[in-house]
Amino acid sequence: MEKSFHLPADAIRPLAVNRGACIATDMITVDGLKVGYMYREDAINDVDSGWRFFSGTETQEYVDDATNSAFYDINTIANYDPDIIDWLGAPIGAAFERLSEGGDIVPVAPDSPSA
(Lines give C-alpha, C1' and ligand atoms only; values in the text may rest on other atoms or scores of the structure.)
Protein backbone atom coordinates (compact mmCIF):
# COMPACT_ATOMS: atom_id res chain seq x y z
CA MET A 1 0.00 0.00 0.00
CA GLU A 2 1.36 3.39 -0.96
CA LYS A 3 1.44 5.99 1.79
CA SER A 4 -0.12 9.42 1.46
CA PHE A 5 2.21 11.78 3.32
CA HIS A 6 0.95 14.70 5.35
CA LEU A 7 3.51 17.09 3.80
CA PRO A 8 4.01 17.22 0.04
CA ALA A 9 7.62 16.74 -1.13
CA ASP A 10 7.82 20.34 -2.37
CA ALA A 11 7.09 21.62 1.16
CA ILE A 12 10.30 20.10 2.58
CA ARG A 13 12.85 22.84 3.39
CA PRO A 14 16.50 22.52 4.48
CA LEU A 15 16.10 22.70 8.28
CA ALA A 16 18.38 19.91 9.51
CA VAL A 17 20.51 18.76 6.58
CA ASN A 18 23.40 16.30 6.58
CA ARG A 19 22.30 14.60 9.81
CA GLY A 20 21.67 11.16 8.37
CA ALA A 21 18.63 8.93 8.37
CA CYS A 22 16.16 8.03 11.10
CA ILE A 23 13.09 5.93 11.70
CA ALA A 24 9.71 7.61 12.18
CA THR A 25 6.19 6.25 12.43
CA ASP A 26 3.30 6.97 10.11
CA MET A 27 1.58 8.79 12.97
CA ILE A 28 4.05 11.59 12.21
CA THR A 29 4.56 11.36 8.44
CA VAL A 30 1.10 10.25 7.33
CA ASP A 31 -1.20 11.46 10.12
CA GLY A 32 0.73 14.68 10.75
CA LEU A 33 1.09 14.35 14.54
CA LYS A 34 3.98 16.08 16.32
CA VAL A 35 6.87 14.11 17.77
CA GLY A 36 5.90 13.08 21.30
CA TYR A 37 8.83 10.78 22.06
CA MET A 38 12.26 10.46 20.48
CA TYR A 39 15.40 8.59 21.36
CA ARG A 40 18.80 7.86 19.90
CA GLU A 41 20.28 4.39 19.77
CA ASP A 42 23.25 2.82 18.02
CA ALA A 43 23.04 3.18 14.24
CA ILE A 44 22.14 0.08 12.25
CA ASN A 45 24.04 1.13 9.10
CA ASP A 46 26.31 3.88 7.75
CA VAL A 47 23.53 6.35 6.94
CA ASP A 48 21.49 5.79 10.10
CA SER A 49 21.81 8.48 12.78
CA GLY A 50 20.21 6.24 15.40
CA TRP A 51 17.28 8.62 15.94
CA ARG A 52 13.80 7.12 16.36
CA PHE A 53 10.68 9.32 16.34
CA PHE A 54 7.19 8.52 17.63
CA SER A 55 4.05 10.56 18.22
CA GLY A 56 3.78 8.99 21.66
CA THR A 57 0.31 7.63 20.89
CA GLU A 58 1.40 4.42 19.14
CA THR A 59 0.46 1.10 20.71
CA GLN A 60 3.05 -1.67 20.97
CA GLU A 61 1.12 -3.59 18.34
CA TYR A 62 1.32 -0.57 15.99
CA VAL A 63 5.09 -0.21 16.53
CA ASP A 64 5.65 -3.94 16.04
CA ASP A 65 4.10 -3.73 12.55
CA ALA A 66 7.02 -2.65 10.34
CA THR A 67 4.63 -1.23 7.73
CA ASN A 68 3.77 1.59 10.16
CA SER A 69 7.25 3.14 10.09
CA ALA A 70 10.05 3.83 7.63
CA PHE A 71 13.52 5.33 7.21
CA TYR A 72 13.60 9.05 6.43
CA ASP A 73 16.20 11.75 6.18
CA ILE A 74 16.21 13.60 9.50
CA ASN A 75 15.58 16.81 7.58
CA THR A 76 12.21 15.39 6.51
CA ILE A 77 11.14 14.75 10.10
CA ALA A 78 12.43 18.19 11.14
CA ASN A 79 10.00 19.64 8.61
CA TYR A 80 7.15 17.72 10.22
CA ASP A 81 8.21 18.94 13.66
CA PRO A 82 10.93 21.62 13.91
CA ASP A 83 10.88 21.28 17.73
CA ILE A 84 13.23 18.30 17.40
CA ILE A 85 16.07 20.31 15.84
CA ASP A 86 17.57 21.62 19.09
CA TRP A 87 18.02 18.05 20.38
CA LEU A 88 19.57 16.39 17.31
CA GLY A 89 23.12 16.76 18.65
CA ALA A 90 22.35 14.61 21.69
CA PRO A 91 24.44 11.45 22.15
CA ILE A 92 23.42 7.82 21.75
CA GLY A 93 21.26 6.85 24.71
CA ALA A 94 19.47 10.20 24.90
CA ALA A 95 15.66 10.29 25.03
CA PHE A 96 13.14 13.13 24.96
CA GLU A 97 9.40 13.57 25.21
CA ARG A 98 6.87 16.33 24.72
CA LEU A 99 5.33 17.33 28.03
CA SER A 100 1.88 18.00 26.60
CA GLU A 101 0.21 18.65 23.27
CA GLY A 102 1.90 21.78 21.99
CA GLY A 103 4.33 21.72 24.93
CA ASP A 104 8.10 21.65 25.02
CA ILE A 105 10.28 18.64 24.33
CA VAL A 106 12.39 17.76 27.39
CA PRO A 107 15.00 15.11 28.27
CA VAL A 108 13.75 11.92 29.97
CA ALA A 109 15.23 8.60 31.02
CA PRO A 110 15.44 6.26 27.99
CA ASP A 111 12.61 3.73 27.57
CA SER A 112 10.26 5.59 29.90
CA PRO A 113 7.86 7.77 27.89
CA SER A 114 5.01 9.05 29.97
CA ALA A 115 3.23 10.49 26.95
Side-chain angles (χ1 to χ4, degrees):
M1 179 165 89
E2 191 163 322
K3 297 180 182 186
S4 178
F5 295 104
H6 188 73
L7 288 179
D10 62 359
I12 304 296
R13 301 167 300 157
L15 300 178
V17 296
N18 301 320
R19 295 193 175 254
C22 64
I23 296 175
T25 70
D26 289 352
M27 294 270 188
I28 296 166
T29 59
V30 174
D31 298 335
L33 299 178
K34 296 287 188 184
V35 172
Y37 182 68
M38 58 191 265
Y39 68 91
R40 191 172 193 184
E41 63 184 5
D42 289 324
I44 60 174
N45 60 41
D46 290 343
V47 297
D48 182 20
S49 67
W51 279 110
R52 309 297 180 244
F53 299 99
F54 304 86
S55 72
T57 62
E58 296 89 347
T59 63
Q60 189 62 50
E61 180 180 30
Y62 182 93
V63 172
D64 289 344
D65 183 347
T67 64
N68 291 324
S69 60
F71 267 98
Y72 298 95
D73 188 290
I74 284 183
N75 184 64
T76 299
I77 304 308
N79 274 265
Y80 278 89
D81 190 351
D83 294 343
I84 69 168
I85 296 170
D86 288 342
W87 302 108
L88 294 176
I92 292 168
F96 304 88
E97 72 177 351
R98 189 175 302 276
L99 292 176
S100 62
E101 188 174 326
D104 292 333
I105 294 176
V106 298
V108 295
D111 298 324
S112 63
S114 61

For the hydrophobic clusters of this structure (ILVMFWY residues joined by side-chain heavy atoms under 4.5 Å, transitively), does one cluster hold both L7 and V30?
yes
ask   = Is a donor on one side and an acceptor on the other found under 3.5 Å between the side chain of D81 and the backbone of V35?
value = yes
### Query
Does a side-chain heavy-atom distance below 4.5 Å link N68 with E58?
no
- Query: When hydrophobic residues are tied together by side-chain contacts of less than 4.5 Å, even through go-betweens, does I23 share a cluster with I12?
  - Reply: no
Open item on the list: With a sphere of 6.0 Å drawn around CG of D46, does it hold more than 12 non-hydrogen atoms of other residues, nucleotides or ligands?
Closed with: no
Mind telling me whether Y39 and Y37 have parallel, tilted or perpendicular rings, with 30° and 60° as the class edges? tilted
Under a side-chain separation threshold of 4.5 Å, the hydrophobic residues clustered together with V17 are none
A side-chain contact here means heavy atoms from C-beta on lying under 4.5 Å apart; do F54 and M38 qualify? no
Residue set satisfying side-chain contact (heavy atoms from CB on, under 4.5 Å) with T67, at least two apart, ordered chain then number -> D65
Check your understanding: Under a 4.0 Å N-O cut-off, is there an ion pair linking K3 with D31?
Key -> no
_Over 12 non-hydrogen atoms of neighbours within 6.0 angstrom of CG in N18_ = no
inquiry  = Checking the side chain of R40 only, and the main-chain atoms of A90 only, is there a donor and an acceptor separated by less than 3.5 Å?
reply    = yes
Closest heavy-atom pair, N75 versus A16, reported as atoms and distance to 0.1 Å, is OD1-N, 2.8 Å
- prompt: Do Y80 and L33 belong to the same hydrophobic cluster, where Ile, Leu, Val, Met, Phe, Trp and Tyr are linked whenever their side-chain heavy atoms lie under 4.5 Å apart, directly or via other members?
  reply: no
Check whether any side-chain heavy atom of F71 lies under 4.5 Å from a side-chain heavy atom of C22, and answer yes or no. no
Start with the C-alpha gap between V108 and F96, add the side-chain angles, then the distance that decides, and say whether side-chain contact (heavy atoms from CB on, under 4.5 Å) holds.
CA-CA 5 Å; V108 295; F96 304 88; 5.5 Å; no
- Task: Consider only side-chain heavy atoms of I, L, V, M, F, W and Y, link residues closer than 4.5 Å, and tell whether W87 and L99 are in one cluster.
- Result: no
Passes side-chain contact (heavy atoms from CB on, under 4.5 Å), T29 versus D26? Steps please. CA-CA 5 Å; T29 59; D26 289 352; 3.8 Å; yes
For the pair F5 and Y72, name the ring-plane relationship: parallel under 30°, tilted 30 to 60°, perpendicular over 60°.
perpendicular
*asked:* In the structure I gave you, are the side-chain heavy atoms of E97 and I105 within less than 4.5 Å of one another anywhere?
replied: no
Shared hydrophobic cluster for I84 and I92 (ILVMFWY, side-chain gaps under 4.5 Å): no
- Task: Applying salt bridge (Lys or Arg N to Asp or Glu O under 4.0 Å), run through D104 and R98 and close with a yes or a no.
- Result: CA-CA 5 Å; D104 292 333; R98 189 175 302 276; over 6 Å; no
message = Do E41 and R52 make a side-chain contact, defined as non-hydrogen atoms from C-beta onward lying under 4.5 Å apart?
response = yes
